[in-house]
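This report concerns only the one structure given below.
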Amino acid sequence: MAKEITSREENYSQWYNDIVKKAGLADSSAVRGCMVIKPYGYAIWEKMRDQLDKMFKETGHVNAYFPLFVPKSLFEAEEKNAEGFAKECAIVTHYRLKADPDNKGKLIVDPEAKLEEELIVRPTSEAIIWNTYRDWIQSYRDLPILINQWANVVRWEMRTRPFLRTAEFLWQEGHTAHSTKSEAIAEARLIHDVYARFAEEWMAMPVIKGFKSENERFAGADDTFTIEALMQDGKALQAGTSHFLGQNFAKAFNVTFSNDKNENEYVWATSWGVSTRLIGGLIMTHSDDEGLVLPPKLAPFQVVIVPIPKPDPELLEKAKNISEALKALGISVKIDTDETKRPGFKFAEYEMMGVPVRLGLGKRDLENNTIEVARRDTKEKTSIAMDQVVPYVSSLLDDIQENLFQRAKAYRDSHITKVDSYDQFKDVLENKGGFLSCHWDGTSETEEKIKEETKATIRCIPLDAPSESGKCIYSGKISERRVIFAKAY
RNA sequence: CGGGGCGUAGCGCAGUCCGGUUAGCGUACCUGGUUUGGGACCAGGGGGUCGCAGGUUCGAAUCCUGCCGCCCCGACCA
């Protein structure tokens, strides 16, 4: 069949690419490493964005917008951050093209139009924002500043994959300024909680909350909090990070305030972000060999009604009634009015697209006063009484949301393996994958060695890890608690 | 940037080794008809700079040279 996708077992990467393509989420583009997000994929992003935006607003944040370009001198001000991103920056050096004198109809960069100072296309916006905050902050009364922006950023990656890693991507970046260290840490952890809640309650994607080791920390941060998810191939995905930036950016950009004793202090900062990468995580958490599987809370439409064998006035009338009743409960519904395709074809299409619930409505149903309900997550079909369909579907959507989460959680939990020796570590990593919970001596050297030898990195040091004395699996030195290792995207 | 694969109709491919009329198949698309509860069938039809640029040749999708792009596996990374 033309629409068939590669199975996960056969080729996991290809399976992922097939889903992106065939579910209509994104296309590759004429620009290397950049994708076109198609309407169906973008609709998922809009759902994510709207919910996250709501959660940010509920926690006191406001939106603003800062420039795409960052003058090089500002970019390099916070050295660690600049170094961290230097290798993947796109740089604007000129501002004009002109006709090529040697090649009719072609354009060349006008050498006369060289910028005095290069502009960096933002890989993240701390620099331009902290340079601005300096002017906004004088007194403790100006704090806190709790700003978020929805934006695109560019990181010139060597190897890209749709949604998971693209040269340009969409995200939100929060940048907050505080008068005390404890308030800034509380802010970073608040957002960390928001991210975890969003991942689990909306994406139905279980995550481990923790903080990063020094090696894996955001460049320029004192602490990075992360949510880590596990994909179906046993690899980890960093799904969102929230950084406590200390006073690093305040010092780099000389952002100070007068406290209530009229003393000058540097401002405390956080930044935090999630990106279109979440869509990649969503795909790899729930989808199967038939296509995309979407949690109802993020599906562009939650229910599709397919008239069988094809739309006619009587069926459409009935479909419309059901649709209106569902919509009254806040459920989004699409009625398929396409007369050119047969039902079987449509069923396969909507499965590919991950629509949570499909209602099949045919002549036979009208006679029996029933309707066929098919759920995407388990692919079960049932015929139920017409007058029950609205409450049934309503609670079914909740069931599906919950089932997807529980299913993903069961998989994730069964792929957290406690290991207590390096041999066992390598064995589990090789043969089972997933998260490895083990003792680590806390040194970068050990982490580096393990990474070199096995490709696995510390995904996080879980916040809820109980203290437990043990020995580092690599060095044998004493350790106070277990950390999570995995191969990661 | 290393290793492998590929570029022929919207998509998926054959043809390339061994050069030879109007470049073919599946699917998708258009028209008509019959169908229709899990990816319909029949008939007719439209659609091609064979990745780009040179070269060899009477003749190039096919041979040679250079370039470009894409995919997979690594290195790097959210």
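Here the structure is a predicted model, which means the values were calculated and not measured. The analysis underlying the following values was restricted to heavy atoms, covering all of them including side chains, and did not include hydrogens, waters or symmetry mates.
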| query | What integer number of Å spans the P atoms of B/G7 and B/G51? | reply | 8 Å
| said: If you go through the side-chain atoms of A/Lys381, does one of them form a donor-acceptor pair with the base of B/G38 closer than 3.5 Å? | reply: yes
| What distance, rounded to whole Å, do you find between the two C1' atoms, one in B/G15 and one in B/C63? | 16 Å
| task | Look at the side chain of A/Glu349 and the base of B/G38, then say whether one donor and one acceptor between them are separated by less than 3.5 Å. | result | no
| said: Heavy-atom nearest nucleotide on RNA chain B for A/Phe163 versus A/Asn17: which residue maps closer to 5'? | reply: A/Asn17
| Can you list, by residue number, the residues of residues 296-316 of chain A that have a non-hydrogen atom closer than 4.0 angstrom to RNA chain B? | A/Ile308, A/Pro309, A/Lys310
| said: Work out how far the P atom of B/C50 is from that of B/G44, and round it to whole angstrom. | reply: 28 Å
| Which is true for A/Thr166 with a 4.0 Å heavy-atom rule: it touches a base, it touches only sugar-phosphate, or it touches nothing? | base
| Within the modelled atom types, does a donor on one side and an acceptor on the other bring the side chain of A/Arg358 and the base of B/G38 under 3.5 Å apart? | yes
| Whichever of A/Glu351 and A/Arg159 has its nearest RNA chain B nucleotide further upstream toward 5' | A/Glu351
| task | Using a cut-off of strictly less than 4.0 Å between a heavy atom of the residue and any atom of RNA chain B, enumerate the qualifying residues of residues 482-489 of chain A by number. | result | none
| Is A/Lys409 paired with A/Glu200 through a side-chain N to carboxylate O contact shorter than 4.0 Å? | no
| In whole Å, what separates the P atom of B/G46 from that of B/G5? | 39 Å
| message | Roughly how many Å apart are B/A75 and B/G4, using the C1' atom of each and rounding to a whole number? | response | 16 Å
| Euclidean distance for P, B/C64 against B/U16 (whole angstrom) | 14 Å
